[in-house]
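Structure first, commentary second.
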Amino acid sequence: MKYELLQPWSTFVMKTRLPLPVFDKMLKLTDEIVENNVPEKMGAGEMEEQFLVELFRLKEERLLDYFEDVAKKYVIEASCQSQPFNKEAIESEEWLTQISRMWINSQKDNEYFPLHKHTRCSMSSVMYLKIPEYLPSRNHNTTEGAIEFTGNSSMDQIWGVPTLPIQPRVGDFFIFSSDQHHCVYPFRTPDGTGERRSVSFNALFTTKKEDAAMRLKNLKG
């Protein structure tokens, strides 16, 4: 039996794994940045240590093309889901993606992200480079250090689930719409010094045709 799943009324979170060479480069690069740079405040996180990753560093490490290719894959799949009977045209289109910002979240005991979404971009992501050992939850739940995605597009009372908590593993890589609400729960570690290190980026997309039209418009003034 061949079948298609038609679901244009919602978006999805795409989950993959960082290839080992990419993971090793990112771990080495972020170790250097965390050790040698001053933390900056990046968005919604209730934490002290966040660090900007300059995009030229990704180019130097030959990582930028990989991340923009993954973003392009998300754009194609999400576009096909929103227009399920137009897949051939979508897949033949020349899509262009661009990372606008990347940053490191060096999360420590009791730090967290409240429910939020990302702005001034089309899609966002999070990848995991370090996850410490957690102390057991005081109330026996399973959300210590978890990321939770939240949505309400489905009103289905049987299969519609509004939240998805995930305990990520080292190397997990998630890409999602910038309007996708999510939060990150706090945790505690045995010695109080554990680090849960994730890296996020925001990205934009267009098509080669749209990009050319915009360039022409700008030239004409």
| said: Is there a side-chain contact between Phe67 and Met26 in this structure, where contact means two heavy atoms from C-beta onward sitting under 4.5 Å apart? | reply: yes
| request: Please answer whether the main-chain N or O of Pro136 pairs with a side-chain N or O of Arg188 as donor and acceptor at a distance below 3.5 Å. | output: yes
| query | Is Gln180 reaching over with its side chain to a backbone N or O of Lys117, donor-acceptor style, under 3.5 angstrom? | reply | no
| said: Could you tell me if the side chain of Met123 sits less than 4.5 Å from the side chain of Val70, heavy atoms only? | reply: no
| request: Could you tell me the separation between the NZ atom of Lys87 and the CD atom of Glu77, rounded to the nearest 0.5 Å? | output: 8.0 Å
| field | Value rounded to 0.5 Å, distance of OG1 in Thr207 from CD in Glu93 | value | 4.5 Å
| said: Could you see if Met14 belongs to whatever hydrophobic cluster contains Phe174? Use Ile, Leu, Val, Met, Phe, Trp, Tyr and a side-chain cutoff under 4.5 Å. | reply: yes
| With side chains defined as the heavy atoms from C-beta onward, is the minimum distance between Asp109 and Leu135 less than 4.5 Å? | no
| task | Under the side chain to side chain contact (heavy atoms under 4.5 Å, CB included) rule, what do Ile104 and Val34 come out as? Steps first, then yes or no, please. | result | CA-CA 8 Å; Ile104 302 164; Val34 169; 4.2 Å; yes
| request: Apply side chain to side chain contact (heavy atoms under 4.5 Å, CB included) to the pair Ser200 and Asn105, showing each step before the final yes or no. | output: CA-CA 8 Å; Ser200 293; Asn105 303 303; 3.7 Å; yes
| said: Return the CG to OG distance between Asn86 and Ser92, rounded to the nearest 0.5 Å. | reply: 8.5 Å
| message | Measuring only between side-chain heavy atoms, which start at C-beta, is Ser124 closer than 4.5 Å to Ser178? | response | yes
| query | Between Asp179 and Ser177, does any side-chain donor sit less than 3.5 Å from a side-chain acceptor? | reply | no
| What about Tyr112 and Ile131, same hydrophobic cluster or not, with Ile/Leu/Val/Met/Phe/Trp/Tyr joined at side-chain heavy-atom distances under 4.5 Å? | no
| said: Could you check whether any side-chain N or O of Glu148 sits under 3.5 Å from a backbone N or O of Tyr185, counting only pairs where one atom can act as donor and the other as acceptor? | reply: no
| Aromatic rings Phe149 and His182: how do their planes relate, parallel, tilted or perpendicular, breaks at 30° and 60°? | tilted
| So do Arg120 and Arg101 actually touch side chain to side chain, heavy atoms under 4.5 Å? | no
| hydrophobic_cluster_shared for Phe23 and Leu29, side chain cutoff 4.5 Å | yes
| said: Checking the side chain of Trp95 only, and the main-chain atoms of Ile90 only, is there a donor and an acceptor separated by less than 3.5 Å? | reply: yes
| Can you name the one residue among Phe176, Phe12, Phe205 that meets ring-ring contact (aromatic ring centres under 6.0 Å, His included) with Tyr74? | Phe12
| query | Would a distance-only check, ignoring hydrogens and angles, find a side-chain to backbone donor-acceptor pair under 3.5 Å from Glu133 to Gly194? | reply | no
| task | Dump the intermediate steps for side chain to side chain contact (heavy atoms under 4.5 Å, CB included) on Ile175 and Thr16, then the final yes or no. | result | CA-CA 8 Å; Ile175 305 92; Thr16 185; 4.3 Å; yes
| Beyond-backbone contact of Arg57 with Met102, side-chain heavy atoms, under 4.5 angstrom | no
| field | Separation between OH of Tyr128 and CD of Gln107, rounded to the nearest 0.5 Å | value | 8.5 Å
| field | Atom CD of Glu46: over 12 foreign heavy atoms under 6.0 Å | value | yes
| note | The reported gap from OG in Ser125 to CG in Asn202 (rounded to nearest 0.5 angstrom) is 7.5 Å
| Just wondering, are more than 12 heavy atoms of other shown residues or ligands nearer than 6.0 Å to NZ in Lys25? | yes
| remark: Minimal heavy-atom distance between Cys121 and Leu204, with the atoms involved, is CA-CD2, 3.4 Å
| message | Quick check: closest heavy atoms across Thr189 and Thr193, and the distance to 0.1 Å? | response | OG1-N, 3.4 Å
| Is there a path from Leu52 to Leu63 through hydrophobic residues (I, L, V, M, F, W, Y) whose side chains come within less than 4.5 Å of each other? | no
| message | Show the nearest heavy-atom pair for residues Arg196 and Ala146, with the distance to one decimal. | response | NH2-C, 4.2 Å
| Pairwise distance CG(Leu27) to NZ(Lys130) - rounded to 0.5 angstrom | 6.0 Å
| query | Will you find, in the side chains of Glu195 and Ser106, an N or O donor that is under 3.5 Å from an N or O acceptor? | reply | yes
| request: Verify whether one side chain among Arg197 and Thr30 offers a donor that lies under 3.5 Å from an acceptor in the other. | output: yes
| query | Within a strict 4.5 Å, meaning less than it, do heavy atoms of the Thr142 and Ser137 side chains meet? | reply | no
| query | Hey, is the main chain of Met42 close enough, under 3.5 Å, to the side chain of Gln50 for a donor-acceptor pair? | reply | yes
| query | Are Leu64 and Glu68 close enough, and set up right, to give a side chain to side chain contact (heavy atoms under 4.5 Å, CB included), and what steps lead you there? | reply | CA-CA 6 Å; Leu64 186 61; Glu68 291 187 341; 3.8 Å; yes
| Just wondering, more than 12 heavy atoms not from Arg62 lying within 6.0 Å of its CZ? | no
| Closest approach of Gly145 to Phe187 (non-hydrogen atoms, all atoms of both residues) | N-CB, 3.9 Å
| query | What orientation do Phe201 and Phe173 show, parallel under 30°, tilted 30 to 60°, or perpendicular over 60°? | reply | perpendicular
| request: Please check if the side chain of Thr206 supplies one atom and the backbone of Leu96 the other of a donor-acceptor pair under 3.5 Å. | output: no
| task | Decide, yes or no, whether a salt bridge links Glu49 with Lys108 under the criterion of side-chain N to carboxylate O below 4.0 Å. | result | yes
| request: Give the minimum heavy-atom separation between Thr97 and Ala71, together with the two atoms involved. | output: CG2-C, 4.0 Å
| task | Spell out, as yes or no, whether a donor-acceptor pair under 3.5 Å connects the side chain of Ser79 to the backbone of Ile76. | result | no
| said: Between Glu61 and Lys28 (salt bridge meaning N to carboxylate O under 4.0 Å), is one present in this structure? | reply: no
| query | Do Arg169 and Arg17 come close enough that some side-chain heavy atom pair is under 4.5 Å? | reply | yes
| query | In the single-linkage hydrophobic clustering (I, L, V, M, F, W, Y; side-chain heavy atoms under 4.5 Å), do Leu164 and Met127 co-cluster? | reply | yes
